[in-house]
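Each chain gets a letter, A, B and so on, in the order its sequence line appears, and its residues count up from 1. The analysis underlying the following values was restricted to heavy atoms, covering all of them including side chains, and did not include hydrogens, waters or symmetry mates. No experiment lies behind these values; they were computed from the predicted model shown.
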Amino acid sequence: MIRITLPDSSVKEFNAASVDGDAIAASIGEGLRKAAIAMTVDGKLVDLKTPITKDAAVSLITARSDDGVEIIRHSTAHILAQAVKELYPDAQITIGPVIDDGFYYDVSFKKAISDTDLAAIEKRMEEVVSRDLPITREVWNRDDAVKFFKAQGEAYKAEIIGDLPATEVISVYRQGDFVDLCRGPHLPSTGKAGVFKLLKIAGAYWRGNSDNEMLTRIYGTAWADKKDLKAYLTRLEEAEKRDHRKLGRELDLFHLQEEAPGQVFWHHKGWTLFLGLQEYIRSKLAKHDYQEVNTPQLIDSVLYKKSGHWEKFGTENMFIVKDEEKERTYAMKPMNCPCHIQIFNQATKSYRELPLRMSEFGTCMRNEATGARHGIMRVTSMTQDDAHIFCTQEQIEGEVVKLCNLIKEIYNEFGFTDMFVKFSDRPEMRVGSDTVWDHAEAALRNACEAAKLPWKLNPGEGAFYGPKLEFVLRDAIGRDWQCGTVQLDFNLPVRLEAFYVDEHGEKKNPVMIHRALLGSLERFTGILIENFAGNFPLWLAPTQLVFSGITDKQNDHVKELVAQFKAAGIRVQGDFRNEKINYKIREHSHQKVPYIGVIGDKEIADGTVTVRRFGSNNQTTMTVTAFLAQLQDEIRTRALPQPVTGAENAA
RNA sequence: GCUCGUGUAGCUCAGUGGUAGAGCACUUCAUUGGUAAUGAAGAGGUCGGCAGUUCAAUCCUGCCCACGAGCACCA
């Protein structure tokens, strides 16, 4: 007798030596028996067919749950692998994990395939699904498994098994003739999958190491039903519409061109955004006692040899300028820190001057790997809202807490909600004693806790000179970008001989905190464009308001209004073109101008303006004075825009 | 840097081994129109660059550059 407790606390009794999920589901109802794809037994996720031999708490999993969808994706990855092996028998399969919204499988093909081959693979996958092959789990002996996969010509699989810890149970899943190493769990049969789509192919290094062979990664997505798949594909399309490169062109913000790879040609509107961000950050700097400085672009390599950057990044990643005549070698500055230390070192510093916070909107140039550049998110020439805080060991924690709070405050003001913090602790190769590292890591951790920032550990990924926090934001299509950062540095002040005199008259090296709030202004602008889909908050919007008359009869009055609002500090334009008001509304709406003010004879007579706010189809007539006050209030409070509704507005 | 792909008018895209088209934008003219496209006419391109094959290349081949997706990298 086996007693199975279900999630609703009811108990089913089975008169047998063992029972499986299929039987449990069947005892509840035929519908559930068909829908069940896996189960948890005492909280552990297992295959539906796993025999249960003693009393247990069981919860059946269907495609309706997150676990269910994950299993579907995982099994679909196996179906992909099977289809690939059937179509390309000499291909070797490697790993095929589940990722956000889908899965991928890395394959080593003898002959390269391209995305046009995906259709055929997808078709074969559908055949595998229609065969409805039972998927069964087997536990194998390690040596047999290695031998089996070697015999199959699957060298990568054999390598994976060989590297599994001795304690790991080697399980394989069989579906028809296809056998794959896998921890599971999986669907009971291939017929339970079926709502999927292969999306793209790309290269990926075996085991993520660029010294290894490059495999072909096939990306796919899989869902519980067609509706979910369609919703996902629609979501992808919508995300493409907010791509900052597309909006950058459409809204006349910036452009990039071949002659200056990775460097932004900021058009007036984009530059207005950029300057708006800079002014915003300056207002924060003033409140938090920073000294803004500015340092040279082109610096003798001697300085970078001393700082250690030359050795690490040198000619590969720095732009070198040679002055043949004077026999000097310069580098475009790739970061600001060595320069800031030069300013720090210009006069003997007292402990009384610490913490000393030095900031710069420094333009840095980095010769990035060609494949790394991406729109304005990853550029060759970038402007950081950079600062270095020179402080004592004791001051670290206080400073980091302040920084975490400040960054959190700033991101909140932009309305970012899904920001997360990566905390990278000590790497194997590092400078500084363990005591110093203990202290530094604790300071960062405590600061996160104090600022109530959720963080995840990125073990061993700290810089060799100190641990760091990275503040990560997500773009329209779900890619993560590091924006703000807080890094502790015990190394550079020593190498570049920065000192302060402590209260006992002794010379000491300060600790340096590298920090950026927005990170690269180019990247942050890109993130903003995507996040707001070009519908910027009024305080940032390049053009805040457009006035237009109904006909050219009102032009003189409109000119006066433009002058009045301009004088009041509003970024306003008049539209005097010989076009109908419908045409102008349409065009300025496409440009996502926050306010359109329309003037007809009625408005002139009443001293009013008829206002249309972007994102709404309503019009409100109000006095000119009230309108100006409303705008100024919205700007002053840095109000976030209301979400745009309606199909027409979303276009 | 690596894998696969892309590059035709300002933008979005057709197209062909015999030196090119559409829509929008632009210019001109007419129109004075109350909240998402008024009409007509005109102008606009070394088909990413260099080399090769060919009587002939935007199209085929090679190399280079840039861009895209991803991997690696990211001081």
Side-chain angles (χ1 to χ4, degrees), chain A residues 104 106 109 112-118 199-219 243 245-246 249-250 252 255-262 304 307-314 316-318 333-338 364 366-375 378-379 382 384 386 463-465 468 470 477 479 481-482 485 487 489 491-492 514 519-520 523 548-555 578-590 596-603 610-612 614 616-619 621 646-649 651:
Chain A
Y104 67 77
D106 283 352
F109 286 97
I113 66 160
S114 77
D115 47 9
T116 49
D117 299 309
L118 289 182
L199 297 174
K200 58 193 175 187
I201 69 166
Y205 294 108
W206 168 235
R207 300 202 146 169
N209 185 335
S210 58
D211 295 331
N212 292 342
E213 185 202 347
M214 177 147 284
L215 309 167
T216 303
R217 177 168 296 178
I218 302 176
Y219 284 92
D243 188 311
R245 293 162 298 190
K246 187 175 150 69
R249 193 166 46 238
E250 288 174 359
D252 192 21
H255 85 269
L256 299 152
Q257 69 183 53
E258 266 198 49
E259 290 81 352
Y304 296 115
S307 72
H309 290 107
W310 190 264
E311 200 191 341
K312 191 154 196 294
F313 299 103
E316 273 281 288
N317 298 293
M318 284 160 79
K333 75 169 165 187
M335 82 295 290
N336 305 303
C337 27
C364 297
R366 297 179 180 180
N367 199 355
E368 303 282 12
T370 49
R373 292 195 295 255
H374 178 87
R378 181 90 180 262
V379 287
M382 59 153 177
Q384 291 172 300
D386 199 10
F464 72 96
Y465 51 74
K468 61 182 175 186
E470 289 176 19
I477 30 187
R479 286 178 295 213
W481 297 95
Q482 182 216 301
T485 179
Q487 306 188 6
D489 189 345
N491 178 56
L492 210 54
H514 307 250
S520 128
R523 174 176 295 178
S548 175
I550 294 292
T551 72
D552 55 15
K553 270 190 293 187
Q554 295 89 23
N555 277 358
N578 178 14
E579 296 292 349
K580 288 183 170 178
I581 195 68
N582 288 18
Y583 179 88
K584 292 183 182 179
I585 297 287
R586 177 183 159 84
E587 190 161 281
H588 297 305
S589 296
H590 279 154
I596 303 174
V598 174
I599 305 294
D601 289 339
K602 226 168 12 162
E603 283 81 2
T610 299
V611 175
R612 183 185 167 115
F614 179 69
S616 158
N617 291 324
N618 298 332
Q619 329 157 22
T621 303
E648 194 132 43
N649 289 321

Practice task
Select base, sugar-phosphate, or nothing to describe what Y583(A) touches, counting heavy atoms under 4.0 Å on all strands.
Solution key: sugar-phosphate
Practice task
Provide the distance between the two P atoms, one in A9(B) and one in G49(B), to the nearest whole Å.
Solution key: 11 Å
Practice task
Would you mind reading off the distance between W310(A) atom CH2 and A75(B) atom C1', rounded to a whole angstrom?
Solution key: 14 Å
Problem - Side-chain donor or acceptor of Q554(A) paired with backbone N/O of T551(A) under 3.5 Å - result: yes
Exercise for the section: Indicate, with a heavy-atom threshold strictly under 4.0 Å, whether T610(A) touches base, sugar-phosphate, or nothing. Expected result: base
Problem - Spacing of the P atoms in U28(B) and A43(B) (rounded, Å) - result: 15 Å
Handout entry: Between H309(A) and E311(A): side-chain donor-acceptor atoms closer than 3.5 Å
Key = no
Practice task
Without swapping roles, check the side chain of N212(A) against the backbone of W206(A) for a donor-acceptor pair under 3.5 Å.
Solution key: yes
Exercise for the section: Scan Y104(A) against the nucleic acid and name what it touches under 4.0 Å (heavy atoms): base, sugar-phosphate only, or nothing. Expected result: nothing
Fill in the blank from the handout: When both distances are under 3.5 Å in a Watson-Crick or G-U wobble arrangement, the nucleotide paired with A69(B) is U3(B)
Fill in the blank from the handout: Rounded to whole Å, NZ of K584(A) lies from P of A36(B) at a distance of 15 Å
Problem - Under-3.5 Å donor-acceptor pair between Y205(A) side chain and G1(B) base - result: yes
Handout entry: Euclidean distance for C1', A51(B) against A57(B) (whole angstrom)
Key = 13 Å
Handout entry: Nucleotide forming a Watson-Crick or wobble pair with A57(B), both distances under 3.5 Å
Key = none
Problem - Distance-only donor-acceptor test (3.5 Å): side chain E603(A), base G34(B) - result: yes
Handout entry: Beyond-backbone contact of Y219(A) with R217(A), side-chain heavy atoms, under 4.5 angstrom
Key = yes
Completion exercise
In whole angstroms, the gap separating C1' of G34(B) from CD1 of I596(A) amounts to 13 Å
Practice task
Round to the nearest Å and state the distance from D552(A) atom CG to A30(B) atom P.
Solution key: 13 Å
Exercise for the section: Indicate, yes or no, whether a donor-acceptor pair under 3.5 Å links the base of U35(B) to the side chain of N582(A). Expected result: no
Handout entry: Pairing nucleotide - A75(B), Watson-Crick or G-U, each distance under 3.5 Å
Key = none
Exercise for the section: Indicate, with a heavy-atom threshold strictly under 4.0 Å, whether S210(A) touches base, sugar-phosphate, or nothing. Expected result: sugar-phosphate
Exercise for the section: Rounded to the nearest angstrom, tell me the gap between atom NZ in K200(A) and atom P in C71(B). Expected result: 8 Å
Exercise for the section: Indicate whether any N or O donor in one side chain lies under 3.5 Å from an N or O acceptor in the other, for N336(A) and D386(A). Expected result: yes
Practice task
Scan H374(A) against the nucleic acid and name what it touches under 4.0 Å (heavy atoms): base, sugar-phosphate only, or nothing.
Solution key: sugar-phosphate
Practice task
Could you tell me whether N317(A) contacts a base, only the sugar-phosphate backbone, or nothing, with contacts defined as non-hydrogen atoms closer than 4.0 Å?
Solution key: base
Handout entry: Atom pair distance, as rounded to whole Å: CZ in R479(A) and C1' in G70(B)
Key = 10 Å
Exercise for the section: Can you tell me the pairing partner of G34(B) across any strand shown, Watson-Crick or G-U wobble, with both distances under 3.5 angstrom? Expected result: none
Handout entry: CD on E250(A) to CG on D243(A), rounded to 0.5 Å
Key = 10.0 Å
Exercise for the section: Please measure how far the C1' atom in U54(B) lies from the corresponding atom in C4(B), and state the result in whole Å. Expected result: 30 Å
Problem - Rounded distance in Å between the P positions of C11(B) and C63(B) - result: 28 Å
Practice task
Using a 4.0 Å heavy-atom cut-off across all strands, classify D489(A) as base, sugar-phosphate, or nothing.
Solution key: nothing
Handout entry: N555(A) backbone acceptor or donor facing D552(A) side chain under 3.5 Å
Key = no
Practice task
Would you please confirm or rule out a distance under 4.0 Å between OP1 or OP2 of C74(B) and any side-chain N or O of R523(A)?
Solution key: no
Exercise for the section: Could you please name the partner base of U12(B), counting Watson-Crick and G-U wobble pairs only when both distances are under 3.5 Å? Expected result: A22(B)
Problem - Mate of U27(B) where both pairing distances stay under 3.5 Å, Watson-Crick or G-U - result: A41(B)
Exercise for the section: With P as the reference atom in both, quote the distance from G62(B) to G5(B) in angstrom, rounded to an integer. Expected result: 12 Å
Practice task
Any strand is fair game: report the nucleotide pairing with C47(B) by Watson-Crick or G-U wobble, both distances under 3.5 Å, or none.
Solution key: none
Exercise for the section: Name the nucleic acid region contacted by G208(A), choosing base, sugar-phosphate or nothing; use a 4.0 angstrom heavy-atom cut-off, strictly under. Expected result: sugar-phosphate
Problem - Side-chain donor/acceptor contact of R378(A) with base of C74(B) under 3.5 Å - result: yes
Practice task
Report yes or no: do T610(A) and E603(A) form a side-chain donor-acceptor pair below 3.5 Å?
Solution key: yes
Handout entry: Along RNA chain B (nearest heavy atom to each residue), the more 5'-positioned of K602(A) and Y465(A)
Key = K602(A)
Exercise for the section: Have a look at G375(A) and say if it touches a base, only the backbone sugar-phosphate, or nothing, with a 4.0 Å heavy-atom cut-off. Expected result: sugar-phosphate
Exercise for the section: Can you figure out which of G5(B), G33(B), G70(B) approaches the side chain of T551(A) most closely? Expected result: G33(B)
Exercise for the section: Using a heavy-atom cut-off of under 4.0 Å over every strand shown, decide if E368(A) touches base, sugar-phosphate, or nothing. Expected result: nothing
Handout entry: Spacing of H590(A) atom NE2 relative to U35(B) atom C1', expressed in whole Å
Key = 14 Å
Exercise for the section: Determine: side-chain N/O of R217(A) to OP1/OP2 of U3(B), distance under 4.0 Å, yes or no. Expected result: no
Exercise for the section: Can you figure out which of G33(B), U35(B), A72(B) approaches the side chain of A372(A) most closely? Expected result: A72(B)
Problem - Interatomic distance at C1', A30(B) relative to G34(B), whole Å - result: 22 Å
Practice task
Report yes or no: is there a donor-acceptor pair, N or O only, under 3.5 Å between the side chain of R612(A) and the base of A36(B)?
Solution key: yes
Practice task
Check the geometry between Y219(A) and G70(B) and answer yes if their rings are stacked (centres below 5.5 Å, planes below 30°), otherwise no.
Solution key: no
Exercise for the section: Could you tell me whether Q482(A) contacts a base, only the sugar-phosphate backbone, or nothing, with contacts defined as non-hydrogen atoms closer than 4.0 Å? Expected result: nothing
Practice task
Let me know the distance between CD of E316(A) and C1' of C73(B), rounded to the nearest Å.
Solution key: 11 Å
Exercise for the section: Give a yes or no on whether the backbone of K333(A) and the side-chain of R366(A) come within a donor-acceptor separation of less than 3.5 Å. Expected result: no
